[in-house]
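Heads up: the structure comes next, in structure tokens.
Just so you know, these numbers use all the heavy atoms, side chains as well, and skip hydrogens, waters and symmetry mates. Within every chain, numbering begins at 1; the chains are lettered A, B, ... in the order of the sequence lines, protein sequences first and strands thereafter. This one's a predicted model, so the numbers in the text were calculated from it and none came from an experiment.
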Amino acid sequence: MAIAFHDETFRNDYTYRNSDEGVRRFPFPFGQDEYMYSVNIEPHAGGAPGSVYEHAFDIDEHYVSECRDRAITLERDPGRCESLPHMIDAEWDVLELIMTSLARDYPDHFRLRQDGTHWHWINLPLGIEQSFVFGDAATLPYPPFEYITRQTQGDFVILDQRDGDLWADSGMITQQADWSLTFDVGMSFKEWHGPVPRAHEIGVFDRALKYLLMLQLGKPVRRLNWTMTVNPRLDTAPETYPEWGQDRASVTPDNVAKKVHLRVELQTLFRLPRSNGVLFSIRGYLASVGDLARYPRWGKRLHRVLRDLPQDLAEYKGLVRYKPTVVAWLSQQDDGAALEVGTHPE
Amino acid sequence: MLSLPLPGGIRRNPYSLVGDPHDRRKWRIAVRRQEQSRGGSAWLHESAREGQPLKVSMPANLFPMARLARHHILIAGGIGVTPIVSHARELARLGHSFEVHYAHRAPEFGVLVDELRQLAGGDVYCYVASRNEMLDFRQLLAERPLGTHAYLCGPQGMVENFHQVARDMGWPDTHVHSERFLAPPPGEAFAVKLARSGREVAVPGDQSMLEALEAAGAEPPFLCRGGACGQCETEVIACDSAFQHNDLFLSQPERDSGRKIMPCVSRIAGGCITINL
């Protein structure tokens, strides 16, 4: 089925909007009234038709505009894409995984012809057609990892597995929740998770690392993570903080429903076949608080989670300044009725 | 992992891929016929026929290469040569510095030597027991430059000796590699009693407790299926056998209490366990 791609912006005039279907399929992350870190990892083995879990890599109505926003960010700061020299085989693994997945899952939009090492790739939404030799980086206009992730929604890190650890040795990061690839590249699993409060103490990272070291080919896994963003902005990096940090002070009771967005990351991890690396995909979804509250269950639950969120988590996620305004608005939607467990909208 | 249709039932045996990983059309394995075969290697040598479809799982890398090493020492014992050939092929393709040491019983057991020589040229050293040639780890591992990694695939005793010598000589554990096991090994069959329904479920040796419960129509909670998330934590009411905890979740006191088990990866050594489900 053909997707109707939006023409919209994630900066300046912020014309980003979700369709009704876009809101309904939003991966709302709160199944209960309280939130705390856990190893909430499960097999990424498909999902309901139309859901964000259906395919290996979810392509939605924002695809074309998101790729355009990534190109703008890379133009301004090429350092948002980095890859250490020993990762070249992993780069090709990622290109193969994404191309074969998209061509299989979205045949109306992507096509791949493989004749030995001679490959022919067609990306209809972006108007790209490319013949190249698999394994020969000189036959592509960009290095393989940059080439394919310029054409895929979401951020990506490739982890190298060695010394009983996972090392963030490649990344395409243009829509991050305030962390810097230039700072983190080359770090180990616990190093790049260093700033996360509480989770170290309750052993979340010990268990998650051991689990991921055993990740198997053909058995990808997924989890959700979340934060909030003022305006539907993708580029909330430390490098551009002066451009967006002040927006946190712009939230008022009148604009909160449209201005503040819940930002959910569908994080998926895939073992790579030849390099033995792990692809970590961070696929972000944005929905305004007002759009989410159109489903009363979601409005009430989001109210309770934010109201009771521990202060250190709120600080880590950068919500402190405007959270009271969000909670006050959402409290008008919450009659206090008990909600059944689960993330479903209705 | 190949599923072999033996007369006594399906046997699942793991084999090392020795082919070119960039060839997407075929997977290649080498199987030595074991004299005391439990059926797998004898079946492949005698009964398997060209054109016969066999069920194959996705490959798993139990013996990864350290991509930042400055020099690689690859050591094979007997049929343990199979993953060593794959490493040699990869290192040759990458143009990295490496050498191969291959110990085997007699010249006729030196399978794949020609292939190794094509990949590593003069840096292939054979140790043939019938000629009284012995591989001395102490000599092999001495005076190596920093950044050297050593890999061994061979019989269990050889692997243990290799690690012991390397440790004694001050090699860091991170630079000494042998095959590791990914999933907890299958175990013995046992029985699970479900206290709430009074039902009893048999868990075969090659199935996890969670899988057996699901197959029996019970709906135990689960999430990660790898012993990390804690979702399937189950209360134990009674157990007449020893626990085999393979999870990453339960603390030592919880294990010692005998009151908890994670059915996705853990089991008991035969007998019967009663759980609160």
Is it the case that over 12 heavy atoms from other parts of the model lie below 6.0 angstrom from the NZ atom of A/Lys219?
no
With a 4.5 angstrom heavy-atom cut-off, could you sort out which part of [X] is near chain A: side chain, backbone, both or neither?
X        : value
B/His177 : neither
B/Phe249 : both
B/Leu223 : both
B/Arg24  : side chain

When only heavy atoms count and the cut-off is under 4.5 Å, which of residues 81-98 of chain B reach chain A?
B/Glu90, B/Arg93, B/Leu94
Run through A/Phe26, A/Tyr285, A/Phe28, A/Phe30 and flag the one making a ring pair (Phe, Tyr, Trp, His ring centres under 6.0 Å) with A/Trp226.
A/Phe30
Does the side chain of B/Ile75 come within less than 4.5 Å of B/Phe162's, by heavy atoms?
yes
A/Val221 versus A/Tyr211: any side-chain heavy-atom pair under 4.5 Å?
yes
Between B/Gly230, B/Gly227, B/Gly226, B/Ser57, which has the largest tally of heavy atom pairs under 4.5 Å with chain A?
B/Gly226
Comparing B/Pro59, B/Pro172, B/Ala66 against chain A, the one with the most heavy-atom pairs below 4.5 Å turns out to be B/Pro59
Would [X] and [Y] pass as an ion pair if we require N to O under 4.0 Å?
X        : Y        : answer
B/Arg28  : B/Asp23  : no
A/Lys210 : B/Asp247 : no
B/Glu99  : B/Arg144 : yes
B/Arg25  : B/Asp20  : no
B/Glu211 : B/Arg225 : no

Counting heavy-atom pairs under 4.5 Å with chain B, which one of A/Arg274, A/Met87, A/Arg223 comes out on top?
A/Arg274
Among A/Pro85, A/Ser275, A/Gly203, A/Ala208, which residue forms the greatest number of heavy-atom pairs with chain B at distances under 4.5 Å?
A/Ser275
Would you say A/Arg222 and A/His44 are linked by a side-chain donor-acceptor pair, where the criterion is simply a distance under 3.5 Å?
yes
Less than 3.5 Å apart, any donor N or O on the side chain of A/Gln267 or A/Glu265 sitting next to an acceptor on the other?
yes
Counting only non-hydrogen atoms closer than 4.5 Å, can you tell me which residues of residues 93-102 of chain A sit against chain B?
A/Glu96
Okay, A/Asp160 and chain B: the region with an atom under 4.5 Å from a heavy atom over there is side chain
Taking the six-membered ring for Trp, are A/Tyr106 and A/His55 ring centroids under 6.0 Å apart?
yes
Please test B/Glu254 against B/Arg259 for salt bridge (Lys or Arg N to Asp or Glu O under 4.0 Å), starting from the C-alpha separation and ending with a verdict.
CA-CA 7 Å; B/Glu254 283 172 320; B/Arg259 305 286 298 175; over 6 Å; no
For the pair B/His149 and B/His72, name the ring-plane relationship: parallel under 30°, tilted 30 to 60°, perpendicular over 60°.
tilted
